[in-house]
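Written out below as structure tokens is the structure these notes cover.
What you see is a predicted model; the values in this text were computed from it and never measured. These numbers come from the heavy atoms of this one structure, side chains and all, not from hydrogens, waters or symmetry mates.
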There are 2 protein chains.
Amino acid sequence: MVPGTAREDGTLAEQLSARIAAGEFRPGRRLSEAELAERFSVSRNTLREAFRVLAEQGLLEHVPHRGVSVTAPRVADVLDIYRVRRHLEAGVLARADPRHPATVQVRAAVEAAEAAAAAGDWVGVGTANTAFHAALVSLADSPRLTRTYRQLGAELRLAFLVIGDPQTLHGAFVGRNRSVLETFVTAGGPAAARELEDYLTESERTVLGAYARLGLG
Amino acid sequence: MVPGTAREDGTLAEQLSARIAAGEFRPGRRLSEAELAERFSVSRNTLREAFRVLAEQGLLEHVPHRGVSVTAPRVADVLDIYRVRRHLEAGVLARADPRHPATVQVRAAVEAAEAAAAAGDWVGVGTANTAFHAALVSLADSPRLTRTYRQLGAELRLAFLVIGDPQTLHGAFVGRNRSVLETFVTAGGPAAARELEDYLTESERTVLGAYARLGLG
DNA sequence: ATGGCCTGGATTGTTGAACAACGTGTTTCT
DNA sequence: AGAAACACGTTGTTCAACAATCCAGGCCAT
């Protein structure tokens, strides 16, 4: 074990990913190999391996001979992300059984979002929101769907970071999380799926509106 | 194509990926860094970057300090792959419009499969089959769904390579490709989607049967 | 000024060698 | 036989160097 690097655990790619999600590196920011290698106390080669991983996950954009930068989703990306979200989440939910074990995780995410909202922690609400949707997808018991959705959520989080203002982005959806959950357990998957599609369409509108307001249309 | 040191284009990761798909490196085979770096005339560091990319795509399995090997899908993976396939393909097809431009590519893939089958080129049938399903997904006009599906197809191809015997695997489905296409253009997406689900379930049975016969249950 | 061309500096791409860290198979000892 | 110690090979990581490429700024001609 090399001294000095024991402060944080997880792979280098995970550390980078966490810092990006935390907003330490904003979307669009270019990441210099030399600078980051210095900052993380790793060699350029090791850092480049982590870059390849995150680029493949869509968190970083890699342009040959021009370096990597944090992905800044465009409007077209937002549209595509929500298209896939509707497809995946609604499809999974429609076929899901409310008695599935993962339902407890859905409920936990709903309650975490409510608690964070009550405390005014809007970033926490965003995190819990992401967990809510991820939990919905996990109802399908498919490692690959879960994994795909996690990446999608990470990309969407980048769009949120482009916008800022987590209260407007997430605040309005805490109640809808709860509502979808209750519909699911009382009225079943298909009804919940229909409600979720409206939910997602409204969320999409919120994001697109903010993009337009920022002049990114 | 002449094997050997033929100058190929594309990134190193793409070259590796092509060779894996071609069966040059069989599933389960361990890939030594030193050996492959030598074979591709690149340095270990460069090769390792390509490894990270392909591992992230699911083509290679990376175990820390133990190296990478070509992914050999297990039964659980086959089940998951087909679950996602049904989810994605059927969902896309059900919502698709037969007049969509990508329909011509679906038709082209159907005809390519028929031509290859007539010529007894079963590997070619497999390739055309993969193209058929990829074309179906492209009806959704979603870059992310298309990309996800391409990776899924690559993983499935690994399962086919585990089995061998492309004739049994692909031969029976040439006619069903045609049938799904005709149903789609004459009866619409939902009807075609139902037919496709049966198709995929039968395909899954074929693969699982072969796995069982190989003692990989 | 404007546009194109050139050049210098900075960054990425790649290499080779070296060593540390770890896993594995073998040997040795009890 | 079983466990512990060892030796070996591989991966993980670093470093320094160089090649390839991009970019900004200056220069020149129009």
Side-chain angles (χ1 to χ4, degrees), chain A residues 1-20 24-72 74 158, chain B residues 4-20 24-74 158:
Chain A
M1 175 144 37
V2 180
T5 44
R7 302 173 313 155
E8 322 195 25
D9 49 359
T11 66
L12 180 58
E14 283 164 356
Q15 290 181 39
L16 259 170
S17 171
R19 298 212 184 193
I20 291 170
E24 180 172 335
F25 304 106
R26 311 271 276 286
R29 160 152 177 190
R30 185 143 164 285
L31 300 181
S32 151
E33 294 186 356
E35 183 195 325
L36 252 75
E38 167 83 12
R39 168 137 31 156
F40 283 87
S41 304
V42 295
S43 73
R44 272 183 63 213
N45 285 349
T46 301
L47 181 67
R48 284 168 60 89
E49 290 186 21
F51 276 179
R52 294 301 171 274
V53 171
L54 297 182
E56 203 59 31
Q57 289 178 1
L59 257 80
L60 297 181
E61 260 177 5
H62 174 30
V63 182
H65 295 284
R66 286 222 229 151
V68 305
S69 39
V70 180
T71 301
R74 308 165 209 281
L158 292 176
Chain B
T5 351
R7 277 269 65 80
E8 320 192 27
D9 50 357
T11 65
L12 180 58
E14 283 164 356
Q15 290 182 40
L16 259 169
S17 170
R19 298 213 184 192
I20 292 170
E24 180 172 335
F25 304 105
R26 311 271 279 283
R29 160 154 178 187
R30 186 143 163 289
L31 299 182
S32 150
E33 294 185 356
E35 183 196 325
L36 252 75
E38 166 84 10
R39 166 134 36 153
F40 283 87
S41 305
V42 294
S43 73
R44 271 182 65 213
N45 284 330
T46 300
L47 181 67
R48 282 169 61 90
E49 289 187 20
F51 276 179
R52 293 302 171 273
V53 171
L54 297 182
E56 203 58 32
Q57 289 178 0
L59 256 82
L60 298 181
E61 261 178 5
H62 174 28
V63 182
H65 294 284
R66 286 224 240 148
V68 304
S69 39
V70 180
T71 301
R74 308 168 213 282
L158 291 176

Above 12 or not: heavy atoms from other molecules or residues under 6.0 Å from CZ of B:Arg26? no
Are there over 12 heavy-atom neighbours, none belonging to A:Glu38, within less than 6.0 Å of that residue's CD? no
Using nucleotides 15-17 of chain D, report all nitrogen or oxygen pairs with the protein that are shorter than 3.5 Å.
from, atom 1, to, atom 2, distance (Å)
D:dC15, N4, A:Asn45, ND2, 2.8

Is any side-chain heavy atom of [X] closer than 4.5 Å to a side-chain heavy atom of [Y]?
X	Y	value
A:Ile20	A:Thr71	no
B:Val53	B:Thr11	no
A:Leu59	A:Leu16	no
A:Phe51	A:Leu31	yes
B:His62	B:Arg52	yes

Value for CD (B:Glu33) from CG (B:Asn45), rounded to nearest 0.5 Å, stands at 8.5 Å
Measuring from B:Leu36:CG to B:Phe25:CZ, what's the distance to the nearest 0.5 Å? 4.5 Å
For the pair made of [atom1] in [X] and [atom2] in [N], what is the distance, rounded to whole Å?
X	N	atom1	atom2	answer
A:Phe40	D:dT13	CZ	C1'	17 Å
B:Leu36	C:dT14	CG	P	16 Å
A:Glu35	C:dA10	CD	P	15 Å

Donor-acceptor contact below 3.5 Å, side chain B:Arg30 vs main chain B:Arg66: yes
Tabulated below should be each protein N or O lying under 3.5 Å from an N or O of nucleotides 4-10 of chain D; please produce it.
from, atom 1, to, atom 2, distance (Å)
D:dT10, O3', B:Arg30, NH2, 2.8

To check you understand the geometry: which heavy-atom pair defines the closest contact between B:Ala72 and B:Gly28, and what is its length? CB-N, 3.8 Å
Give a yes/no answer on whether the side chain of A:His62 brings an N or O atom under 4.0 Å of OP1 or OP2 in C:dG13. yes
In numerical order, the residues of residues 46-57 of chain A whose heavy atoms come under 4.0 Å of DNA chain C are A:Arg48, A:Arg52
Mind checking if B:Leu12 touches a base, just sugar-phosphate, or nothing, with heavy atoms under 4.0 Å? nothing
